[in-house]
Amino acid sequence: MDLQRTLDRPTSQSVNFANAASEYAIDLWQRGLLYADVMRERGNQYLEHLAQVTPNVLSFEAEIVMFGPTLERPVNYGLARIIPPEGVEIDPRKRPFVVVDPRAGHGPGIGGFKADSEIGAALGAGHPCYLVGFTPDPVPGQTVEDVMRADAAFLERVIARHPESEGKPVVIANCQAGWQILMTAAVRPELFGPIIVAGSPVSYWAGWPGRNPMRYSGGLLGGSWLTALTSDLGAGRFDGAWLVQNFENLNPTNTLWTKQYNLFSKVDTERERYLAFEKYWGGHVFLNDVEIQYIVDNLFIGNKLSTAGLVTSDGIRIDLRNIQSPILVFCSQGDNISPPPQALGWITDLYRDDEDVRAHNQTIVYALHDSIGHLGIFVSGSVGRKEHKEFEANIDFVDVLPSGIYQAELREKGPDTLNSDLAYGDYVLSLERRSVADVREIVRPDVESDRHFAAVARISEINLSLYRSFVQPWVRASVTPQLAHNLARLHPLRVPYELASDRNPWMGWIAGEAQKVRENRKPVSPDNTLLHQQERLSRAVEASLDQWRLWRDNMYEQTFNVIYGSPWVQAWAGMDARDTSEPRQHPGDTPEHRAFRAAEADRLRREMAKGGLFEAGVRALYYIGDTLGWVDERGFNLIRRLREENVSNAKVISLAEFKQAIRQQARLMRLDAAAAITALPQLLSRATPADIEMLRSMLERVVTVISPLDTAAQDRLRNVRTVLTDAMRQATNVISPGLGAVGPAVTRRRKRPQEVS
């Protein structure tokens, strides 16, 4: 019997393998047909999308409010109001949100791509929402400055539509829209509430060695002459598909294998998600030649924005230090398109130290995600449900922060969370104080690397001048609009869409066969040995492509550094290779800037004794809480709740007034804390005992709402109690009949404490 079992075993194994092979072969053929049908649907979707007048991927209904082509300087942008879904209530007192999507090769709508998105989070918090979108083709002659003027006009319209709003509009700018909005805010700061820049590059020379190869592209291509050539081949239009191609090239593993294999291996469940994403990814748009040349010369290669090196055509310097609204920077360690050094490097480019930030009264908050990719910042449902929801629900809290730099952290609520009812959602938003030095640790600026990029900028100017002088006239004379149209259709990213659509007669039989497969689908069992071999093969392909990418990126970096680190090349670019100073003058080093800081300090010292009970309360609150080094939403929400409890006794002030008081008192405390505290009795001298007692009670509730006070904070609280007790005693003496102060002192009742609305 044992011998018989031994003889039968190979036969049994052979039969099992044959069955597995047959099952796998049927499944492989069916998956192949279903995959081909999804490609056909993708091609048809692409053609339908292009046929639309205003193609977008917005998942919310919207109505046009303002049309860019009708402006004095027409542009292909427009302002649309998001119509709230059924069941969503909008509070007219809440400030509106304006989402601006990037025009970096793709069409608009990514900010509202899903229900759990930037727009979805804002609507869920009760805010009116708007989208700034665009059509695929630019208005002939439109410039970057024209787009800035249009953005300002859109915000003026939004402000006019919401007279009851508690504050100016919040603007969310995604990716390339980030620098566009920051430039507009630097010129028209009065139009903006808090600004959220998500995945936005602003400092283009910055990056981590060995990790951010995209920044070397301009140097390896010899500068921006190729941009001019590409625009000329497009008859004055630059095809955004080339920008998308650059993004694709960053991760060849995903582009050439992972994305398609994921669809092929899970074709029964991945179809809808894949087509939804491809609708956005394949919606290529165009830019004018003057627009893209300005962007490449001044931003990508010149890197002039982050050091206030740009000046508008009417002579206005674009200085990001002019922005008075809080700037919230959302970036991620996993973003290889706009990495954290490029998203945060403008801070170290503009500011030498923390006092420099405070002198300009600027508030900067950054949130650094651990792993999410570039598109995940705008698209990921998990990010929409967490980060965007918390930031947008707490935007008023962010708006009233004292000037300085903060890092946002989200901590999940738990049974030990103190006063958890004062925090929105499932998380507590905490803002921890940071310094310019902390940001510098993230960005890791390198003077030698900057010199290489400075050489690129100069050589780019030379090569562009040579191209314009000797080549451009011949190219422009040869390219007709029809030739430009045909060249765009033959772009390597566009061809696959058209080839796999119903326009291709060879795809005609795919739809019918795929339908038959769906009716008779026989998926392979999960334990099939050949399926496991398929997965191992896929992992091997991914590993090989990853290794090739690492080798390629390393070669890019080494080649760049060898060429532009050469003393001969730097000398040819007009640079002294022996000079070790920074290639760009730091804006904080000018004599005018030092004089500005000194004048600001003198002005603040004259404000030390100005104010009343409300200013005294804000000053004392900052004095006690300053020892923590962080704040969170619970303190701000408690202040609002206390205001509601005492609404009959409190004079309501606007959020803008509250913000101004917070910032002013914080600056006074940072300038000279001892003098500011010494001046408290003067601020309290005109208050009644009842008002001072109410202030004392509020202070003690607010400073303990986050956590029990440490020793230093307790000492400061005792100091404040002493000051308040003395002030109450003085006020009691003033109004006491027994002290002969009856009459004028009683009739001149003082204002009660003012709280934020």
- Task: Taking atom types as modelled, find out whether Glu118 and Asn174 have a side-chain donor-acceptor pair closer than 3.5 angstrom.
- Result: yes

- Does the pair Arg597/Asp602 count as a salt bridge with the N-to-O cut at 4.0 Å? no

- Query: Closest approach of Gln362 and Trp346, non-hydrogen atoms and distance?
  - Reply: OE1-CZ3, 4.0 Å

- Counting only heavy atoms not in Tyr294, do more than 12 sit closer than 6.0 Å to its OH atom? yes

- Considering non-hydrogen atoms only, spot the tightest contact between Glu145 and Thr312 and give its length. OE2-CA, 3.3 Å

- Side chains of Leu350 and Leu320 in contact at under 4.5 Å (non-hydrogen atoms): yes

- Task: Would you name the heavy atoms of Asn361 and Arg667 that are closest together and state the gap between them?
- Result: OD1-CD, 3.6 Å

- Query: Using a distance-only test with no angle check, is there a side-chain donor-acceptor pair under 3.5 angstrom linking Arg358 and Ser403?
  - Reply: no

- Given Glu156, Met148, Met183, the one that forms side-chain contact (heavy atoms from CB on, under 4.5 Å) with Arg188: Glu156

- Query: Do Thr363 and Ile327 have side chains that get closer than 4.5 Å, going by heavy atoms?
  - Reply: no

- Item | Atom CZ of Arg93 with >12 non-hydrogen neighbours under 6.0 angstrom | no

- Task: Taking the six-membered ring of Trp205 (Phe, Tyr or Trp), confirm whether the NZ or CZ of Arg584 is under 6.0 Å from its centre and within 45° of its axis.
- Result: yes

- Any side-chain heavy-atom pair of Val88 and Phe60 under 4.5 Å: no

- Closest contact, heavy atoms only, Ser338 versus Gly199: OG-O, 3.0 Å

- Task: Please find out if less than 6.0 Å separates the ring center of Tyr351 from that of His586.
- Result: no

- Message: When you compare the side chain of Val197 with that of Ile181, does any pair of heavy atoms fall below 4.5 Å?
- Response: no

- Closest approach of Glu291 to Pro138 (non-hydrogen atoms, all atoms of both residues): OE1-CB, 3.8 Å

- Beyond-backbone contact of Ile119 with Tyr130, side-chain heavy atoms, under 4.5 angstrom: no

- Pair Asp396 + Arg95, salt bridge at N-O below 4.0 Å: yes

